[in-house]
2 protein chains.
Amino acid sequence: MAIKDRKERDKLDRRKLIIESATRLFLEQGYEKTSIRNIADDIEYSPATIYLYFKEKDEIFFIIHEQGFALLNQEFANIGDIKDPFERLQELGKTYLNFGLRNPDYYDLMFIMRAPLSEIACHDKWEAGDAALNHLYNTVDECLSQKVIHIGDKLMISMAIWSFVHGLVSLYVRERFKAVANSADDATKKMVFESLQYFLNSLRA
Amino acid sequence: MAIKDRKERDKLDRRKLIIESATRLFLEQGYEKTSIRNIADDIEYSPATIYLYFKEKDEIFFIIHEQGFALLNQEFANIGDIKDPFERLQELGKTYLNFGLRNPDYYDLMFIMRAPLSEIACHDKWEAGDAALNHLYNTVDECLSQKVIHIGDKLMISMAIWSFVHGLVSLYVRERFKAVANSADDATKKMVFESLQYFLNSLRA
DNA sequence: CAAACATACTAAACAGTGTTCACAAAATAC
DNA sequence: GTATTTTGTGAACACTGTTTAGTATGTTTG
């Protein structure tokens, strides 16, 4: 059965090839401009071939969406070492903002776009999102136990903090800050981080 | 020159006809499914005709985007009467959330989508957004003067508050809450408003 | 070895999209 | 009544995601 094994490996290789090409094109040109024909051209196969490996375009972008979460969780990983929960909360926030501002396309797919939504729904649990948000949830929990932030429901507070940082990043990546405060980009970025600091300090009990 | 006047009126009427059709279709079926051919069918003209009245699809959706802001500002209007700035701030937040949750498609166009962005840019000031955000800015200013919220830069605090409510609405309309907290929709909505309350109470000096 | 089968691939088509352009028809001006 | 301007359109261009029928290749079986 060695032949069958090799064949399966080959099949996975071609799947990987498609994903790698799609990821590269996506990060270079964005979602809209990364068409099936585009990917097909890049890997020198016919467009129809891609449908032998993926049910639809969004299935590919769901995988890229998960790669994004792998990246984010990687950046979150070391933060677990920080003992003080409030300090950890601050670091989580900063890391989240940095991730969003540095990887706007990944961020888009992960938290803004409708693209991978049908795929997310059919897995009935958004595992990627869940994993990332657990870091926040646990930290909030500790903050509450140690009474360093105002009392309230764990989930509700996590939701609030997530919404806050998401709001900052998504208004930034969708250029709504640019349109209203016509200050330089660096100044806006700086204010984004100041907002986080102001917000978290306010939460302090 | 009465004829010329009538002609101009007619022209505006047909422009209005297109916008009304586009708005209706947009609110019924969303942005993606509202195509030029769709609108053309609806108003019983050829698709090419639409391009006599609008440079591109996004110009139409920029106008719908502005209609959305007209609606939002209308809901903001009465809030100016509230004397206490903090109470006013709370009401602004609640109204913003309600607007977003009740008009997800308008909200999308106004604060999330890339569609009207080129149009926004070419007006070099995002007047619609500016007007709406001024309500917030002025209220924050008053809150600071009366020392009812923690001290900080006016613009930065406005940015923080806007980001917060935007984060709540946009995670909601893009179904990221649904994917992570698999509670009922009503429960999620309730928590959205609780988050606002928690956040604003935290800001209190 | 040849016939039967399975796998991998693709050209071509379908049904859409935004947009442009050459041309026709209608309304106005002279 | 002819000339000119305004108004509208069919057809095409260059795309999009996706499906299908058919081919070419490799593997298995009689």
Task: Spacing of B:Q29 atom CD relative to C:dG16 atom P, expressed in whole Å - done: 13 Å

Open item on the list: Within the structure provided, determine whether A:I39 and A:R24 are in side-chain contact (heavy-atom separation under 4.5 Å).
Closed with: no

Open item on the list: Taking B:K33 first and then B:E28, would you say they form a salt bridge - that is, a charged N and a carboxylate O separated by under 4.0 Å?
Closed with: no

Task: Nearest-angstrom distance from the residue atom CD of A:E32 to P of C:dG16 - done: 20 Å

TODO: Take A:Y137 and A:D130, measure what side-chain hydrogen bond (donor to acceptor under 3.5 Å, both in side chains) needs, and give me the verdict at the end.
DONE: CA-CA 10 Å; A:Y137 189 74; A:D130 233 43; over 6 Å; no

Open item on the list: Counting only heavy atoms and a strict 4.0 angstrom limit, can you tell me which residues of residues 53-61 of chain B come near DNA chain D?
Closed with: B:Y53

- [ ] Only counting residues at least two apart or in another chain, list the ones meeting ring pair (Phe, Tyr, Trp, His ring centres under 6.0 Å) with B:F86.
- [x] none

Task: Geometric cation-pi criterion, B:K57 with B:Y31: 6.0 Å, 45° - done: yes

Identify each atom pair where a protein N or O and an N or O of nucleotides 22-24 of chain C are less than 3.5 Å apart, giving names and distance.
none

Task: B:H65 and B:F69 aromatic ring geometry - parallel, tilted or perpendicular at 30°/60° bounds - done: perpendicular

Open item on the list: Between P on C:dA8 and CD1 on A:I43, what's the gap in Å once rounded to a whole number?
Closed with: 15 Å

Open item on the list: What is the distance, to the nearest angstrom, from the CZ atom on A:R15 to the C1' atom on C:dA8?
Closed with: 16 Å

Open item on the list: Nearest whole Å is fine: how far is D:dT18 P from A:I18 CD1?
Closed with: 13 Å

Task: Axis bend over the full length of the helix from C:dC5-D:dG26 to C:dC30-D:dG1, computed from five pairs that close each end, to 10 degrees - done: 30°

Task: Whole-Å distance separating the CG atom of B:N38 from the C1' atom of C:dG18 - done: 13 Å

- [ ] Can you tell me the distance, in whole Å, between the CD1 atom of B:I36 and the P atom of D:dT16?
- [x] 19 Å

Open item on the list: Going by the rule side chain to side chain donor-acceptor pair (under 3.5 Å), which residues pair with B:T188 if we only count those two or more places apart in sequence or in a different chain?
Closed with: none

- [ ] In plain terms, say whether A:E32 and B:R114 are close enough for a salt bridge, that is, a side-chain N and a carboxylate O under 4.0 Å apart.
- [x] no

TODO: For the pair B:N103 (side chain) and B:Y106 (backbone), establish whether a donor and an acceptor sit closer than 3.5 Å, ignoring hydrogens and angles.
DONE: no

TODO: Quick one: do B:H166 and B:Y107 satisfy side-chain hydrogen bond (donor to acceptor under 3.5 Å, both in side chains)? Show the steps, please.
DONE: CA-CA 10 Å; B:H166 169 71; B:Y107 193 87; 2.7 Å; yes

Open item on the list: I want to check something: taking the side chain as every heavy atom from C-beta on, are B:Y53 and B:Y45 in contact at a cut-off of under 4.5 Å?
Closed with: no

Task: Atom-pair distance (NZ on A:K33; C1' on C:dT17), nearest Å - done: 16 Å

Which protein N or O atoms sit under 3.5 Å from an N or O of nucleotides 9-14 of chain D?
unit_1: D:dT9; atom_1: OP2; unit_2: B:S46; atom_2: N; d: 2.8
unit_1: D:dT9; atom_1: OP2; unit_2: B:T49; atom_2: OG1; d: 2.5

Open item on the list: Whether the side chain of A:D84 engages the backbone of A:E87 through a donor-acceptor N/O pair (distance < 3.5 Å, no angle test) should be reported.
Closed with: yes

Task: Heavy-atom closest contact (A:A128 atom, A:N73 atom, distance) - done: O-ND2, 4.3 Å

